[in-house]
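Structure, as C-alpha cells:
Both backbone and side-chain heavy atoms feed into the values below; hydrogens, waters and symmetry mates do not.
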Amino acid sequence: MECPDTVQAALRYPGFSVVYEGMMASSIDDGGLEFRGTEATLKINRSGFGVYHEGAGKANPVVRAESFQDGTSTTCRIF
C-alpha cells in the first residue's frame with residue numbers, strides 16, 4: 001500500500017482563514033515549515049527560525065534565532 005507524502009488543510013476562523021500544505025519528503029530549503037502571511041513569512045527548521053518581511057529585501061530575515069540543540073535526539077530518547 002502506498003501513502004501520499006502531502007497533506008493539505010483549510011481552516012476557517014472568524015475574520016480569517018488559514019491554509020496548511022505539507023510535504024513529508026522534501027529536501028528543498030532543508031525541510032522545516034513555512035507560515036506565509038500577507039506581510040511576512042515565518043520559516044522554521046531544525047537550525048532555528050527566521051521572519052522574512054515582504055519588501056525588506058537584503059534586510060531579511062528581520063528576526064532570526066538559532067537553535068541551541070537538535071530536538072530530534074531528545075525525542076528519540078523519550079520514545
#### Entry: Residues forming a side-chain contact (heavy atoms from CB on, under 4.5 Å) with Val62, sequence neighbours excluded
Val51, His53, Ala56, Asn60
### Query
Of all heavy-atom pairs between Gly50 and Pro61, which one has the smallest distance, and what is that distance?
CA-CB, 4.2 Å
### Task
Return the set of residues passing side-chain contact (heavy atoms from CB on, under 4.5 Å) with Glu66 (not counting sequence neighbours), or none when no residue passes.
Ser47, Arg64
### Message
Which residues end up grouped with Tyr13 if you chain together Ile, Leu, Val, Met, Phe, Trp and Tyr wherever their side-chain heavy atoms are less than 4.5 Å apart?
### Response
Leu11, Phe16, Val18
### Query
What distance do Arg36 atom CZ and Glu54 atom CD have between them, rounded to the nearest 0.5 Å?
8.5 Å
### Query
With hydrophobic residues grouped by side-chain heavy-atom distances under 4.5 Å, do Leu33 and Tyr52 end up in a single group?
no
### Atom pair CZ (Phe49) and NZ (Lys43), whose distance is rounded to the nearest 0.5 Å
14.0 Å
